[in-house]
2 protein chains.
Amino acid sequence: MSKSLELTPVETVACCSPLTREPLTSDAAERIAPLVKAIADPVRLRLLSLVASHADGEACVCDLNDAFELSQPTISHHLKVLHESGLLDREKRGVWVYYRVRAGALADLATLLGGVSA
Amino acid sequence: MSKSLELTPVETVACCSPLTREPLTSDAAERIAPLVKAIADPVRLRLLSLVASHADGEACVCDLNDAFELSQPTISHHLKVLHESGLLDREKRGVWVYYRVRAGALADLATLLGGVSA
DNA sequence: CCGAGACATCGACATCTGTCAATATCGACA
DNA sequence: TGTCGATATTGACAGATGTCGATGTCTCGG
């Protein structure tokens with residue numbers, strides 16, 4: 001299916017100017033909030049951090065499951081949230097699934113907050 | 001009561017290294033998440049943005065109320081969340097209450113995400 | 001001292017969210 | 001083909017969250 005017509009939340013945010021520059025429109029806020037919600041959970045923060053700091057920048061779900069005392073479906077659920085928000089890329093290789101942090105996603109979010117535009 | 005022994009969420013986060021440097025400890029994630037939750041709401045994002053971009057860097061609650069089609073208690077609730085997380089400072093002057101963005105708070109958060117440490 | 005206005009708190013409610021157990025799906029391999 | 005192991009999906013449930021109306025607490029003017 002065509003993916004070019006659907007933007008992930010993180011993509012719809014990359015264009016926004018920093019929070020402190022001008023009042024956010026109601027519309028912009030509604031688009032940004034889901035993205036922030038995606039990282040507003042301790043488990044997802046750790047998942048993001050684990051994947052980002054992992055060797056080769058990617059991590060297998062099997063490794064991630066072991067890092068938590070949570071059920072496998074729960075981890076799967078959190079990974080889905082991160083993936084659908086555009087923060088994690090997903091690739092299936094054989095039986096395993098690997099996630100990696102989408103390049104620039106966190107940086108865009110940081111810029112939005114800090115206003116430290118490049 | 002003494003406030004010197006209690007750190008706001010934002011203060012407990014300022015010390016952390018960026019997400020992508022090393023895996024977040026479970027403990028660190030539990031401290032960071034509430035702060036991110038505080039901005040994971042469209043109304044609070046707009047409030048933050050409104051205050052930050054307001055003249056003199058501060059805004060009266062009366063102005064903020066008018067910017068939303070929400071009840072006054074609801075706005076008050078959101079402001080409380082932002083204040084208790086350490087993102088907004090609160091000052092009462094006469095009958096009015098003024099909020100301003102706590103210096104560095106957003107920048108600390110941005111650093112945490114983006115890793116663009118100074 | 002009393003009334004009015006600005007803001008906070010309380011109590012109630014519907015909705016959202018994180019979690020699990022059970023089950024489905026998919027690919028490798030015998 | 002049939003089984004097994006790795007992930008995803010589903011359904012259910014408790015607890016968290018956003019919202020409101022009613023009410024409380026200040027502070028200022030008269």
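A quick note: this is a predicted structure, and the numbers were derived from the prediction, not measured. Letters go in sequence order (proteins before strands), and every chain restarts at 1.
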Checklist outcome for this item: Atom NE2 of A:His78 and atom P of C:dC20 are separated, to the nearest Å, by 8 Å

Item to check | First of A:Asn65 and B:Val81 reached from the 5' end of DNA chain D, by closest nucleotide | outcome: A:Asn65

Checklist entry - Rounded to whole angstrom units, what separation is found between the NE2 atom of B:His77 and the P atom of C:dG11? => result 16 Å

Checklist entry - Quick one: B:Leu88 CG to C:dC7 P, roughly how many Å, whole number? => result 14 Å

Checklist entry - Short question: side chain of B:Arg44, backbone of B:Ala38 - any donor-acceptor pair under 3.5 Å? => result yes

Next on the checklist: For D:dC20 and B:Thr74 - does any side-chain N or O of the residue sit under 4.0 Å from the phosphate oxygens OP1/OP2?
Outcome noted: yes

Checklist entry - Is the backbone N or O of A:Leu19 less than 3.5 Å from a side-chain atom of B:Ser49, with the two atoms forming a donor-acceptor pair by type? => result yes

Checklist entry - Counting only distance, no hydrogens or angles, is the base of C:dA6 paired donor-acceptor with the side chain of B:Gln72 under 3.5 Å? => result no

Item to check | Electrostatic pair A:Glu58:A:Arg90 at N-O distance under 4.0 angstrom | outcome: no

Checklist entry - Once you round it to whole Å, what is the distance between P of C:dC7 and NE2 of B:His83? => result 15 Å

Checklist entry - Between A:Asp89 and A:Arg100, is the closest basic N to carboxylate O distance under 4.0 Å? => result no

Checklist entry - Would you say a side-chain N or O of A:Tyr99 is under 4.0 Å from OP1 or OP2 of D:dT7? => result no

Checklist entry - Can a side chain N or O of A:Arg90 be found less than 4.0 Å away from OP1 or OP2 on D:dA8? => result yes

Item to check | Protein-nucleotide distance (B:Trp96, atom CH2; C:dG5, atom C1'), rounded to Å | outcome: 9 Å

Checklist entry - Does the side chain of A:Lys80 get closer than 4.0 angstrom to OP1 or OP2 of D:dT9 through an N or O atom? => result yes

Checklist entry - Is there a Watson-Crick or G-U wobble partner for C:dC29 with both distances under 3.5 Å, and if so, which one is it? => result D:dG2

Checklist outcome for this item: Result for 5'-nearest mapping on DNA chain C, choosing between A:Ser71 and A:Lys37, is A:Lys37

Checklist entry - Over how many whole Å does the gap from A:Lys92 atom NZ to C:dC26 atom C1' extend? => result 5 Å

Checklist entry - Considering only side-chain heavy atoms of B:Leu70, which listed nucleotide, C:dG18, D:dT7, D:dT19, is closest? => result D:dT19

Next on the checklist: Could you tell me how far apart B:Phe68 (CZ) and C:dC7 (C1') are, to the nearest whole angstrom?
Outcome noted: 16 Å

Next on the checklist: Checking contacts here: which listed nucleotide (C:dC20, C:dC7, D:dA6) is nearest the side-chain heavy atoms of A:Pro73?
Outcome noted: C:dC20

Item to check | Closest to the B:Cys60 side chain, choosing from C:dC7, C:dA8, D:dT7 | outcome: C:dC7

Checklist entry - Applying the 4.5 Å side-chain criterion to the ILVMFWY set and letting contacts propagate, would B:Ile32 and B:Val81 be lumped into a single cluster? => result no

Next on the checklist: Between P on D:dG18 and CD on A:Glu30, what's the gap in Å once rounded to a whole number?
Outcome noted: 13 Å

Item to check | Closest to side chain of A:Arg44, choosing from D:dA8, C:dC7, C:dG18 | outcome: C:dG18

